[in-house]
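The structure presented is a predicted model; accordingly, all values stated were derived computationally and were not measured.
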Amino acid sequence: MSFTRFLAVARKEVVQILRDTRSLIIVVIMPVILVLLFGYGVSLDLKGLPIFVYDRDGSQQSQDLLKRFQASAYFDIVRVVNDYPALTRALDDGHARMGIVVPWDFSERLHDGGPVQVQALVDGTDDNTANVLIGYAQAVVQGYSSDLQLDWLRNHDQPAQPASVSVETRTWYNEDLESSAFIVPGVLALVMSVIGAFLTSLTIAREWERGTMEQLISTPVTSLEIMLGKLAPYFAIGMFDVIVCALIAIYWFQVPFRGSFLTLLISSAMFLVVVLALGFFISVIAGSQLAASQIALLITFLPAFLLSGFLFSIEQMPVVLQWITRILPARYYVSVLKKIFLKGTPAALLYADLVPLTVFALVLAVLATRAFHKRLA
Amino acid sequence: MPEDNNSVVIENLVKQFGDFVAVDHISLDIRKGEVFGFLGPNGAGKSTTIRMLCGLLTPTSGRARVAGYDVGREPESVRQNIGYMSQKFSLYNDLKVIENIRLFAGLYSVPSNQLQARIEWALEMANLKGQENLITGTLPGGWKQRLALGCAVLHKPPVIFLDEPTSGVDPISRRQFWDLIQHMAEEGVTVFVTTHYMEEAEYCNRLALIFRGKIVALGTPSELKRDSMKGELLLIECEPLGNAVEVLQSAPDVIDAAVFGNALHLVVRDAAAAIPQVKKYLSDHSITVGHIEKIRPSLEDVFVSLTTERDSGKERKA
Ligand SMILES: Nc1ncnc2c1ncn2[C@@H]1O[C@H](COP(=O)(O)OP(=O)(O)O)[C@@H](O)[C@H]1O
Ligand SMILES: [Mg+2]
């Protein structure tokens, strides 16, 4: 392994990427677009959504809570109803996107300090919108709940610490929804698949097609130097994109980030090794750029999109598909992402995902190294 | 025989693609500082041979030593000691001239204290001083070829392999390119060059004529012209040309007939005796004969003569 030769290949690759508009777009603009697409796909036009309310308690407290819904920019209480069927009909007809039900013992339970749940019936036809609706409803109720606690801290004339209020969600069509916050982190897996597998799948095939490979391999440069030299720039780009996407998710879309950034970087690096090695491997065996890019899309991008748990929850897939997801590196990465972002799981407790990811990275790296030979036939 | 570091020694080299024998038991011995030409039509096996010598293709059988290293067993040592220009232009079109040079300097591990000097040297040699920042893809064909040569010799290899380096290049650039080749040979570099331009073959010290994977003749250009023709050569201007070839091929005493430009070249055993006979034979077949004379054979005549001999040999066997 000669560092001079590795550097020569890497430098050349960087210049080529920078000089090729198409690569530049994929490298710089595409990740941002993907994050925005999925971020906004779930939050577009989500102001003044029509909701129905069913106040079974009719107390001062329940009215206070409902006023907060009305005051929120996201909701518009279009009707107050007196029974469940009226709510469900409104959801069926599309007159309401969500129904809020305050339980009959709302004020009583508040008074007693027991936990209280407000029910939110959500139109689940559009997963993403539903996710956002639930998120907003939770925010409104959360706000109400914490104000109650603050009040109590300020004047202790109330008999007991007030109960926390939360939202119990019932999805009208789709019983199990994941919050919108679940989707944006998963976009990172998508971005990595495109950068890693798709772009790198082209690099070797392109050199064979253009004939430059023949010149390259007539020099003393080794297979390993070619591979590392070609992949290093894409690794750097991938890490850069991870950071950009994570920042957009956190600061633009307000996705909570509870874990450690270092853990995010380490697991992203691992997943990058997987997709880069895979892309390289595909490029070596595919022969043509066209075939390589199609294979890459088929075996990395599509599974990352459909089967990784990024959009569709794995638990709800047919058992056969669930099994298939186990051989998809993206599944483990998406799982890690969600845990780091939303749960703040420390690295030590991510072994169930990180171990398979590491195994994939090692196996594919070895395969890629073995696959490429400096020979014409 | 003691092996010189700068030589190429080929023994019974064979390359098969499936059942097809692309290179068929080739043996050659190329001396230091020699410009060795490998001449043959498309598909003869020139590129396949060169690729084996550069360690890019594994020989089916046989051995070759390049710059003292066995191409089968020590391909990496071979690569450090050769420069190679593949048949298709294969520098990076999207890189600048200087970026291509730097890349290959890196790939050949040119030491950093020599780097600047070597880059200057390559630019000078390729006559690309002041054009360092042009995008390679925008260069004219002749410049590209000189740049490719420059990149291939940055590490001062003792042996260089050039696969049809001048194909698709204008005649003036071709001439310049051959001047470069001559110059390198004078400095002791061994040059193995393939071409299908017969006139270029004249610039080589020695030539091997390859046809269907086999070497059909070997020698200096003048040796080939003197020794390889089975007979003497006549030039005939006549009308219509097409008919004349057909008629003459079945004429007595004619070894071979072929069209060369707007005239015919005829191989006969004895020129003096053949001239009147041919004249008569042609007019008998209502072909108007203009000029007819005995000429010295060119390499192309030699080549045509040798390959048609092979062709008819094949037909007889089949
Ligand atoms: N990789 C290959 N697989 C099969 N046949 C090949 C391959 N490379 C070359 N050939 C065949 O071998 C013959 C010699 O090719 P080549 O060495 O390129 O000829 P030249 O360089 O003299 O034009 C041709 O008939 C060509 O079709
Ligand atoms: Mg060729």
Side-chain angles (χ1 to χ4, degrees), chain A residues 1-27 199 202-230 232-233 284 287-289 369 372-377, chain B residues 15-18 22 47-48 50-60 72 74-96 98-112 115 135-137 148 151-152 154-155 157 160-161 163:
Chain A
M1 174 85 193
S2 142
F3 190 68
T4 316
R5 292 190 300 237
F6 157 77
L7 208 62
V9 177
R11 196 181 288 152
K12 166 224 136 211
E13 204 66 22
V14 169
V15 173
Q16 285 189 308
I17 296 169
L18 293 180
R19 212 159 273 162
D20 176 29
T21 324
R22 198 183 49 164
S23 314
L24 264 190
I25 288 177
I26 296 183
V27 157
L199 274 187
L202 301 176
T203 64
I204 293 288
R206 188 190 301 139
E207 301 233 13
W208 284 120
E209 258 175 49
R210 295 190 184 163
T212 50
M213 186 58 87
E214 185 166 344
Q215 194 69 51
L216 195 61
I217 63 178
S218 77
T219 74
V221 71
T222 66
S223 311
L224 190 67
E225 288 153 6
I226 293 179
M227 180 174 99
L228 295 180
K230 279 184 155 292
V284 170
S288 81
Q289 286 192 72
T369 324
F372 181 61
H373 295 292
K374 283 182 65 183
R375 287 278 155 152
L376 293 169
Chain B
K15 182 67 191 182
Q16 260 176 278
F17 296 111
S47 298
T48 307
I50 273 203
R51 283 167 169 167
M52 285 192 281
L53 296 179
C54 295
L56 299 174
L57 277 177
T58 316
T60 307
E74 304 156 293
E76 297 309 325
S77 305
V78 169
R79 288 191 187 112
Q80 187 63 52
N81 288 284
I82 60 164
Y84 169 59
M85 250 180 92
S86 64
Q87 180 169 356
K88 197 180 154 213
F89 175 74
S90 47
L91 296 185
Y92 294 89
N93 274 320
D94 48 349
L95 294 192
K96 291 175 184 172
I98 187 73
E99 288 164 346
N100 266 310
I101 297 178
R102 286 232 161 81
L103 167 64
F104 282 91
L107 294 176
Y108 287 122
S109 310
V110 173
S112 52
L115 184 63
I135 297 289
T136 305
C151 288
L154 280 166
H155 55 308
I160 57 180
F161 294 95
D163 196 357

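Put simply, the side chain of A:T219 does not reach to within 4.5 Å of the side chain of B:R79, judged on heavy atoms. Side-chain contact check for B:Y92 versus A:L216: some heavy-atom pair is nearer than 4.5 Å. For the pair A:E214 and B:D163, the minimum side-chain heavy-atom distance is 4.5 Å or more. Side-chain contact between B:S109 and A:S2: present, with at least one pair of heavy atoms (C-beta onward) separated by less than 4.5 Å.
Heavy-atom pairs under 4.5 Å with chain A were tallied for B:C54, B:P157, B:G55, B:G83; the largest tally goes to B:G55. When each of B:Q87, B:K96, B:R102, B:H155 is checked for heavy-atom pairs under 4.5 Å with chain A, B:K96 comes out on top.
B:L95 contributes atom CG, which lies 12.0 Å from atom CZ of A:R11 (distance to the nearest 0.5 angstrom). Here CG of B:L107 is found 8.0 Å from CD1 of A:I226. Values are rounded to the nearest 0.5 Å. In this structure, A:Q16 CD and B:N93 CG are separated by 10.0 Å, a value rounded to the nearest 0.5 Å.
Interface remark: A:E225 contributes no atoms to any contact with chain B (heavy atom separation under 4.5 Å). With a 4.5 Å cut-off on non-hydrogen atoms, A:R19 touches chain B through its side chain but not through its backbone. Neither the backbone nor the side chain of B:F161 has a heavy atom closer than 4.5 Å to any heavy atom of chain A.
Between A:Q215 and B:M85 the shortest heavy-atom distance is OE1-CA, 3.9 Å. Nearest heavy atom pair, residue B:L103 against residue A:A8, reads CD1-O, 3.4 Å. Scanning both residues, B:Q80 and A:P220, for their nearest heavy atoms gives OE1-CG, 2.9 Å.
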